[in-house]
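Working notes for the structure below.
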Amino acid sequence: GAVVSQHPSRVICKSGTSVKIECRSLDFQATTMFWYRQFPKKSLMLMATSNEGSKATYEQGVEKDKFLINHASLTLSTLTVTSAHPEDSSFYICSARSGSKNIQYFGAGTRLSVL
Amino acid sequence: QKEVEQDPGPLSVPEGAIVSLNCTYSNSAFQYFMWYRQYSRKGPELLMYTYSSGNKEDGRFTAQVDKSSKYISLFIRDSQPSDSATYLCAMTGGNEKLTFGTGTRLTIIP
């Protein structure tokens, strides 16, 4: 299957700092990437849909100024959590859509802890 | 009513048993159906992908889709301890967003 790389896998930061998470499709071009947030023992919650070369589309209730998404190329999307606070601590997962089959391949996730 | 219903479990079965995981859905526009496996603190891994109705087999895994009943299943034969994980069904009508089930936590007991 297609490979999606996500970095870092774990980050601990102080409250008020910004954190950038990278998502790369390694062996295919992804015009669309997705960012999810997952709480313990819960399913994935879509935060935003990222299309290459255009602004991301955010789900209702997700602060676009808080969670900055950039999709500058067909293989890279980034999520920046700005001025992070303890309530932003969570597991963030990206995915990339491959071709026309509507299959999403997921990264390994990033565990963010804000102190 | 949720668009996708999935029994959250937890489900515990002995090693070697056949496991049956199921999801029901209400949106008749769904055409693409997926099963993902997620280990603790990892991202979901695609196991099976099916378009429209029918069966698909890959090794010990079989996916079934019955669009008339709006019901999908994943069967795991000869279950192994390494199969212990959370299994998520997901589906879409082609508008790119996936709708997920809540996930079923499965434990295979050696």
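Protein chains get the first letters and strands the later ones, always in sequence-line order, with residue 1 at the start of each. Everything numeric in this text was worked out from a predicted model, so none of it was measured.
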request  = Determine whether A:Met45 and A:Phe34 fall in the same hydrophobic cluster, where Ile, Leu, Val, Met, Phe, Trp and Tyr are linked whenever their side-chain heavy atoms lie under 4.5 Å apart.
outcome  = no
inquiry  = Membership question, hydrophobic clusters at under 4.5 Å side-chain separation (ILVMFWY): are A:Val11 and A:Val81 in the same one?
reply    = yes
ask   = Does atom NZ of A:Lys20 have more than 12 heavy-atom neighbours, drawn from other residues, nucleotides or ligands, at distances under 6.0 Å?
value = no
message = Which atoms of B:Tyr51 are under 4.5 Å from chain A, going by heavy atoms: the side chain, the backbone, both sets, or neither?
response = neither
request  = Identify the residues of residues 15-23 of chain B whose heavy atoms come closer than 4.5 Å to a heavy atom of chain A, ordered by number, or report 'none'.
outcome  = none
request  = Any chance you could measure A:Ser43, atom OG, to B:Leu98, atom CG, to the nearest 0.5 Å?
outcome  = 10.5 Å
message = Counting only non-hydrogen atoms closer than 4.5 Å, does A:Gln6 touch chain B with its backbone (N, CA, C, O), its side chain (CB onward), both, or neither?
response = neither
query = Is B:Tyr25 reachable from B:Met48 through a run of hydrophobic residues whose side-chain heavy atoms are each under 4.5 Å from the next?
reply = yes
query = In terms of hydrophobic clustering (I, L, V, M, F, W, Y; side-chain heavy atoms under 4.5 Å; direct or indirect links), are A:Leu44 and A:Phe91 co-clustered?
reply = yes
query = In terms of heavy-atom pairs under 4.5 Å, which option from B:Gln6, B:Arg41, B:Lys42, B:Gln31 contacts chain A the most?
reply = B:Arg41
request  = Using heavy atoms and a sub-4.5 Å threshold, report which of residues 101-110 of chain B line up against chain A, by residue number.
outcome  = B:Gly101, B:Thr102, B:Arg105
query = Say you draw a straight line from NZ of B:Lys97 to CD of A:Gln104; how long is it, rounded to the nearest 0.5 Å?
reply = 11.0 Å
ask   = Can you say whether B:Gln38 sits under 4.5 Å from chain A via the side chain, the backbone, both, or neither, judging by heavy atoms?
value = side chain
inquiry  = Using 0.5 Å steps for rounding, measure from the CG atom of B:Leu88 to the CD atom of A:Gln38.
reply    = 7.0 Å
key: hydrophobic_cluster_shared for B:Leu46 and A:Met33, side chain cutoff 4.5 Å   = no
